Number of protein chains: 2
Amino acid sequence: MSVPRIRRSRSAEHVADTRRALLRAARELFAERGYAATGTEDIVAAAAVTRGALYHHFKDKADLFRAVMAECAQEMAERLVAQETARAETNPGDAWQLLRSGFQSFLDACNDAQFQRIVLIEGPAVLGHSAWDALVEEHGYVLLAEALTEAIREGNVDDLPVGPLTRMLAALISEASLYIARAEDHVRAREEAGLVLERLLIGLGRVPGVSPALVTGQS
Amino acid sequence: MSVPRIRRSRSAEHVADTRRALLRAARELFAERGYAATGTEDIVAAAAVTRGALYHHFKDKADLFRAVMAECAQEMAERLVAQETARAETNPGDAWQLLRSGFQSFLDACNDAQFQRIVLIEGPAVLGHSAWDALVEEHGYVLLAEALTEAIREGNVDDLPVGPLTRMLAALISEASLYIARAEDHVRAREEAGLVLERLLIGLGRVPGVSPALVTGQS
DNA sequence: TCCACTAACATACAGTCTGTATGGAACAGG
DNA sequence: CCTGTTCCATACAGACTGTATGTTAGTGGA
C-alpha cells in the first residue's frame, strides 16, 4: 500500500548514480558524435558500467536518448524561465515584451551545442514526429503558447491562431540559434539574427493607427 | 581524351535503369520508414537488384541518401520555379511580391511527404550540418537569397542581412509546411499558417511613412 | 538468524546490418 | 582473339543491438 519514502536507504544513492552516469555519458556522446555513431558500448564505457546496467534502466537505446533529450529540454526551459522571471522583477512589462525578451534570451542561451544537436537535429529523426513533438510540447511549447495567448488577451498581439504561431516562432528562433552557433563571427551573427527576428515579430503586433490590411492587402 | 557521348550505346540504358530503380526504391522507403529503419536489403529488393549493384553505384548508404535528397530538393525547386514563372507571366510583379507568392506556393507544394521526411527531417541528422547545408544551399537557398537581394535592391524590403534572413525564412516556411501536413484539418491549417506567415513578413517590408523604429524601438 | 525474493547489475549469445572482397559475365578495343 | 574495364552477384568479416541467463547484494518476514 504505502509507497516507501526512501527507496533503499543507502543503496538507492548508488542506483541513482548509475542512472545519472549513463545519462551524462550518453548526453556527451550523442551531442558530439550523434545518435547513430554512438554505440551502447561507448556509452557504458564512458559511464564505467556495463551494457547490462543500460538495458536495466532503459528499455532500449532510443529510450535512453529520449531521457537525455527530455533532460536537455527541461534544463533549457528552466534556464529561460529563471532568466525571465529575474528580469521581470527589476523591469516588469507586459506579456508581449516578456516574449520578445525571452526570444532574445533564447538566442543567447543557445550557445549550448548539446541542446542544439540533441533536441533540434537528432531528436526529430531518432524519435519521430509524434514522440519528439510530445516532448517539446511538454517542455517548450506550453510556455510559448501561454505567453502568446496572454499577449493576445492583453491586446498587444493580434488575434492570430496560437497553434501554428507557436510552432513557427519556435522554428524561427531554433534556426536562428543554429545560425548563430555555426557562424564564424558569433557576435555579428547574434546581432544580425536578433535584428531579423525583431523585425519579423513586428508583423504580429498591433500597431495603433496602422491597419495590417494596409500592408498585407493585395491589389 | 574525348568523353564518349553515349556510354554504351544500348547497355547504358540498362545501367541508368538500375541506378534509377535504386533511387526510386530508396526514396520511397527512406520517406516511409526513415533512413535508419531502412536496410540496404529492403532497398535492393524493392529495386529488384542485389546489394552489389547498390555498392557499385553508390559509395555507401549515406551516399545513396545524399543522391535521393538532392533529387527531392531539385524537383521541389524546379516545381516552384515553374510555378512562379508561369504566374509571373500572367501577373507580373516586383521581387518582393514574387517572394511572398513563392512562399505560399511552397506551403501548397509541401503536400509532398517525401520531401518533408527526407529533406527536412532525416537530412540534417543523416548528413550532418555541413553536407546538408551544402545541398540546400545549392538547390534552395540560392533562389531565396537572390530574390531577397533583388527585393532589397528594389526597395521593397529593408536592408537586412540576407544570410540569416534566408535561413530563418526557410526554416519558417519549412515548419509551416510540416505543421500543415501533420494537422488533422489540412485546409484550415493551410489558411492559418498562410496567415501567420503573411503577418510575419510584414515586418520586413518598408512601409512608407511608418518608421520601423517606431514599432521596434524600446523605451 | 535464516530463508525466500527481488532489484541491480554482469556476461554470453543470437540475429541483423553494413561494407568489402571476390568472382563472373558482357562488351570494347587493339 | 585476347585483354581490360564496366557492371553486377555472392560470400564473408566485423560491428552493433537486444535478449536470455547468471550472480550478487539487500530486504522483509517468520
Side-chain angles (χ1 to χ4, degrees), chain A residues 1-26 29-30 32-68 122 125-128, chain B residues 1-26 29-30 32-68 122 125-128:
Chain A
M1 293 298 172
S2 65
V3 175
R5 282 181 251 181
I6 299 175
R7 295 142 67 90
R8 298 287 164 191
S9 64
R10 59 188 173 281
S11 154
E13 299 285 332
H14 182 253
V15 174
D17 273 351
T18 301
R19 191 187 164 87
R20 266 195 302 268
L22 282 167
L23 283 171
R24 184 195 191 93
L29 290 169
F30 284 156
E32 193 171 342
R33 309 181 197 169
Y35 178 81
T38 302
T40 53
E41 200 65 56
D42 302 334
I43 298 171
V44 298
V49 294
T50 65
R51 288 173 14 94
L54 194 160
Y55 281 92
H56 176 73
H57 283 279
F58 302 95
K59 179 176 163 293
D60 54 16
K61 195 183 163 191
D63 187 43
L64 171 58
F65 178 87
R66 191 174 306 125
V68 168
E122 301 282 329
V126 174
L127 297 182
Chain B
M1 292 297 171
S2 65
V3 175
R5 283 180 254 182
I6 299 174
R7 295 142 69 90
R8 297 283 167 194
S9 62
R10 60 187 173 283
S11 154
E13 300 287 333
H14 182 252
V15 173
D17 274 351
T18 302
R19 190 187 165 87
R20 266 195 301 269
L22 282 168
L23 283 172
R24 183 195 193 89
L29 290 169
F30 284 156
E32 193 172 342
R33 309 180 197 170
Y35 178 80
T38 302
T40 53
E41 198 66 53
D42 302 335
I43 299 171
V44 298
V49 294
T50 64
R51 292 177 3 98
L54 193 161
Y55 282 91
H56 176 74
H57 283 279
F58 302 96
K59 180 177 161 292
D60 54 15
K61 192 183 163 190
D63 189 43
L64 170 59
F65 178 86
R66 190 174 307 124
V68 169
E122 301 282 331
V126 174
L127 297 181

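Worth saying up front: this structure is predicted, and the values here are computed from it rather than measured. Heavy-atom basis, side chains included; hydrogens, waters and symmetry copies ignored. Chain letters run A, B, ... following the sequence lines, proteins first, then strands; residues in each count from 1.
Listed by chain and number, the residues in a side chain to side chain donor-acceptor pair (under 3.5 Å) with A:Thr40 are A:Arg51 (sequence neighbours excluded). Residues satisfying the side chain to side chain donor-acceptor pair (under 3.5 Å) criterion with B:Asp60, sequence neighbours excluded, are absent altogether. Applying the side chain to side chain donor-acceptor pair (under 3.5 Å) criterion to A:Arg24, with sequence neighbours excluded, gives no partner residue. Scored by the side chain to side chain donor-acceptor pair (under 3.5 Å) test, B:Arg66 finds B:Asp63 as partners (sequence neighbours excluded). Among residues two or more places apart in sequence or in another chain, the ring-ring contact (aromatic ring centres under 6.0 Å, His included) test is passed with A:Tyr55 by none.
Between C:dT18 and B:Thr40, a contact under 4.0 Å exists linking OP1 or OP2 to a side-chain N or O. Phosphate contact (OP1/OP2 of D:dC8, side-chain N/O of B:Thr18, threshold under 4.0 Å): present.
Rounding to whole angstrom units, CG of residue A:Asp17 and P of C:dA8 are separated by 13 Å. Between A:Glu41 atom CD and C:dA12 atom C1' the separation is 13 Å, expressed in whole Å. We find that CZ of A:Phe65 is positioned 17 Å from C1' of D:dT17, with the value rounded to whole Å. One interatomic measurement links the two molecules: CG of B:Leu64 to C1' of C:dT18, which rounds to 13 Å at whole-angstrom precision. Taking atom CG of A:Asp42 as the reference point, atom C1' of D:dA15 lies 11 Å away to the nearest angstrom. Taking atom CZ on B:Arg19 and atom C1' on D:dT6, their separation rounds to 15 Å, with Å as the unit.
If you check residues 45-60 of chain A against DNA chain D, the residues with a heavy atom closer than 4.0 Å are A:Arg51, A:Tyr55, A:Asp60, listed by number.
Distance check, rounded to the nearest 0.5 Å: CZ of B:Arg20 to NE2 of B:His57 gives 11.0 Å.
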